[in-house]
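Okay, structure first, notes after.
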Amino acid sequence: MPELPEVETVVRLVRPKLVGRRIEGATVYWPRTVGDQGPDAFARSIEGLRAVRIWRRAKYIVVDLERRGRAAGHLLIHLRMTGRLQVDPASSDGGKYVRVELALDRGKTLRFIDVRKFGRFEYREDLTGVFERIGPEPLDGDLDAAQFSRELRARQRQLKPLLLDQSFLAGLGNIYVDEALHRAGLHPLRRSDRVPGPRARRLFDEIQATLREAIRREGSSFDTFYRTPEGQPGSYQHQFRVYGRQGRACRACGRTVIKIVVGQRGTHLCTRCQPAPRVL
DNA sequence: ATCCTATCCTGGCTGC
DNA sequence: TGCAGCCAGGATAGGA
């Protein structure tokens with residue numbers, strides 16, 4: 001599922017194809033995708049605008065728009081489970097899951113494709129409040145290992161749900177939380193305030209290492225969903241230590257990887273590398 | 001403060 | 001082969 005590394009990959013690969021393009025028109029095939037504004041207002045809002053920048057915050061993609069050189073709002077995009085964003089020749093076939101399509105100049109089209117329809121592709125005049133409840137970026141120097149350790153101590157929550165909480169730390173999802181916890185030797189049910197400082201700092205380092213490596217490999221593709229905007233799968237799934245490896249040997253110690261449910265989320269771990277806390 | 005449940009969706013899987 | 005039923009999963013809202 002698209003998490004920080006996948007979203008970052010999409011932004012990087014779409015950027016050269018989208019920046020500088022003018023939006024000639026919009027077609028909405030699934031109204032909910034464009035949010036409360038509705039398809040007609042959405043189309044009127046963005047027609048004639050030019051995409052001048054594309055960037056990522058948490059798992060959101062933002063496209064800055066201008067009209068005649070003046071700021072004119074943003075596209076606010078979230079891929080959720082199965083969303084894809086790609087710039088194609090206008091003549092190509094986007095398939096049956098295209099939810100929003102923007103006609104661009106120079107014979108191109110920007111497509112938002114989303115099998116499960118959870119994704120969003122909205123227009124916002126401004127971004128006030130949008131990232132109000134989003135926590136620090138793990139790779140942007142927003143915080144260091146020592147600060148992260150203090151933040152862990154300030155909460156009394158299980159590590160897995162805490163790391164999934166976007167208001168605590170931005171960008172992690174089910175895959176990279178499981179991977180980072182295994183690399184740090186921490187059980188997903190451990191309480192955040194009971195992790196010793198050095199181990200907490202190591203967790204931060206492992207989160208960063210996991211994300212950086214995954215970006216380098218253009219994300220993870222283990223099912224039919226996530227693909228880069230070029231249509232290629234990422235390759236980080238080959239590096240998974242625990243995610244989806246239940247019943248197979250832990251790469252570090254050989255014990256069988258198990259899958260449990262934590263906060264209604266499938267959770268993969270090795271009970272030797274990640275010993276259970278005394279108090280559950 | 002923290003946890004739990006429901007909601008939004010559909011392809012793919014299991015079991016009969 | 002067909003079909004019903006279940007499941008995953010990011011974010012959010014509402015209730016405990």
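For the pair A/Tyr243 and C/dA8, the criterion of a side-chain N or O lying under 4.0 Å from OP1 or OP2 is not met. Considering only side-chain N and O atoms, A/Tyr97 lies under 4.0 angstrom from the phosphate OP1 or OP2 of B/dG11. Taking 4.0 angstrom as the limit, A/Gln156 places none of its side-chain polar atoms (N or O) nearer than this to OP1 or OP2 of B/dA1.
Among B/dT2, B/dG11, C/dA11, the nucleotide with an atom closest to any side-chain atom of A/Arg155 is B/dT2. Of the candidate nucleotides C/dA11, B/dC3, C/dA13, C/dA11 has the atom lying nearest to any side-chain atom of A/Lys59. Closest approach to the A/Lys117 side chain among B/dC9, B/dA1, C/dT12 is made by B/dC9 (side chain taken as heavy atoms from C-beta onward).
Here A/Gln264 lies in heavy-atom contact (under 4.0 Å) with a base. Note on A/Arg80: a base of the nucleic acid sits closer than 4.0 angstrom, heavy atoms only.
Distance check, rounded to the nearest 0.5 Å: NE2 of A/His268 to CD1 of A/Ile260 gives 10.0 Å.
In this structure, A/Phe118 forms no aromatic stack with the base of B/dC9, since the conditions of centre separation below 5.5 Å and plane angle below 30° are not both met.
With hydrogens and angles ignored, no donor-acceptor pair under 3.5 angstrom links the side chain of A/Arg157 to the base of B/dA1.
Side-chain contact check for A/Tyr176 and A/Glu6: at least one donor-acceptor pair (N or O, by modelled atom type) lies under 3.5 Å.
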